[in-house]
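Side-chain atoms are counted along with the backbone in the values below, which use heavy atoms only and exclude waters and symmetry mates. Positions are given from 1, in the same order as the sequence printed here. Note that ligands are numbered from 1 as they come in the structure, with each ligand's atoms numbered from 1 the same way.
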Amino acid sequence: MYLPNIYHMEKTIIIYSSLTGNTKKAAESICEIIGNNKNFFSVQEAENIDLTQYEKVILGFWVDKGNMDSKIRKCLKGIKGKKVGFIGTLGAEPQSAHGKKVYEKAQLLCSKENEFLGGYLCLGEVAPKLIEMMKKFPLKLIHPYTEERKARIEKANGHPNNEDFENIKKYFKDIL
Ligand SMILES: Cc1cc2nc3c(=O)[nH]c(=O)nc-3n(C[C@H](O)[C@H](O)[C@H](O)COP(=O)(O)O)c2cc1C
């Protein structure tokens with residue numbers, strides 16, 4: 001069957017990086033919007049994929065020290081001339097000052113060599129291992145386990161949840 005070029009031009013790929021599974025789940029929820037899950041790859045798998053057939057790239061990242069994680073940043077360096085969007089998960093509230101900075105940084109990086117489609121940040125629970133590490137930090141170090149941090153971390157427990165997945169789907173339905 002003959003397929004016009006436009007069919008190929010509209011293809012979307014999702015590439016995600018996830019340490020503890022939050023970002024994988026969040027990014028996976030977008031598969032429904034793009035109509036299949038064959039274009040869903042971990043950042044490691046994506047190393048061997050030819051991106052020329054895709055017009056749009058959705059990058060899934062977890063926030064590491066206020067930025068997109070390094071694996072996704074490395075992957076993004078190889079993406080040029082595409083329409084790029086992102087789904088990011090983080091321990092802090094997306095609407096907080098920290099969340100807003102993360103969004104701006106990610107937007108800037110996505111816009112450098114590509115057209116920015118839009119991005120969505122979602123709460124992602126913090127791995128128990130990391131919490132144990134924070135508890136051992138002396139109070140003056142970065143990320144000490146203060147009462148405020150404890151409250152913030154507890155807020156992220158259970159996320160991303162079904163409501164998050166619905167919101168993510170709604171967002172990407174609009175921009176894709
Ligand atoms: C080493 C490390 C650094 C992190 N740094 C931040 C940060 O700067 N800001 C934040 O809001 N969350 C931070 N987090 C929390 C994660 O971004 C969050 O739990 C995310 O959902 C993890 O996603 P994943 O399960 O896909 O790996 C950090 C987590 C780890 C393990």
ask   = Short N/O distance, under 3.5 Å, between S17 and ligand 1?
value = no

ask   = ligand 1 versus E125, non-hydrogen atoms closer than 4.0 Å: side chain, backbone, both, neither?
value = backbone

ask   = Quick one: does R73's side chain have a donor or acceptor within less than 3.5 Å of a partner on M68's backbone?
value = yes

task = First locate atom NZ of K129, then atom OG1 of T20, and finally report the distance between them rounded to the nearest 0.5 Å.
result = 11.0 Å

ask   = Any side-chain heavy-atom pair from Q95 and K100 closer than 4.5 angstrom?
value = yes

ask   = Using 4.0 Å as the upper bound for N to carboxylate O, is an ion pair formed by K25 and E28?
value = no

task = Go through ligand 1 atom by atom and flag the ones less than 4.0 Å from a non-hydrogen atom of G124.
result = 18 (C), 19 (O), 21 (O)

ask   = Relative to the heavy atoms of H98, which atoms of ligand 1 are at a distance of less than 4.0 Å?
value = 7 (C), 8 (O), 9 (N), 10 (C), 11 (O)

query = For G21, is the nearest heavy atom under 4.0 Å from an atom of ligand 1?
reply = yes

ask   = In terms of ring plane angle, is the pair Y103 and F116 parallel, tilted or perpendicular, where the classes change at 30° and 60°?
value = perpendicular

Contacting atoms of ligand 1, where contact means under 4.0 angstrom from a heavy atom of T23 = 23 (O), 24 (P), 26 (O)

remark   = Under 4.0 Å from one or more heavy atoms of G66, ligand 1 contributes atoms 7 (C), 8 (O)

ask   = Distance from Q107 atom CD to E104 atom CD, nearest 0.5 Å?
value = 7.5 Å

request  = Heavy-atom contacts with N22 under 4.0 Å: which atoms of ligand 1 show up? List them by number with element.
outcome  = 19 (O), 20 (C), 21 (O), 22 (C), 23 (O), 24 (P), 25 (O), 26 (O)

ask   = Does NZ belonging to K80 count more than 12 external heavy atoms closer than 6.0 Å?
value = yes

request  = Any atoms of ligand 1 less than 4.0 Å from a non-hydrogen atom of L19? List them with their elements.
outcome  = 24 (P), 26 (O), 27 (O)

inquiry  = Evaluate D64 for polar contact with ligand 1, using N/O atom pairs at a separation under 3.5 Å.
reply    = no

inquiry  = As an exercise, identify every atom of ligand 1 less than 4.0 angstrom from a heavy atom of G91.
reply    = 10 (C), 11 (O), 12 (N), 15 (C), 18 (C)

ask   = Which option out of L130, D69, L123, I153 puts a heavy atom nearest to atom 29 (C) of ligand 1?
value = L130

task = Check whether any N or O atom of K24, backbone or side chain, sits under 3.5 Å from an N or O atom of ligand 1, and answer yes or no.
result = no

query = How does T20 reach ligand 1, by side chain, by backbone, by both or by neither, if only non-hydrogen atoms under 4.0 Å count?
reply = both

query = In terms of side-chain geometry, is the basic nitrogen of K83 or E55 positioned less than 4.0 Å from the acidic oxygen of its partner?
reply = yes

task = Please tell me if the side chains of D69 and V43 come closer than 4.5 Å, counting only heavy atoms from C-beta onward.
result = no

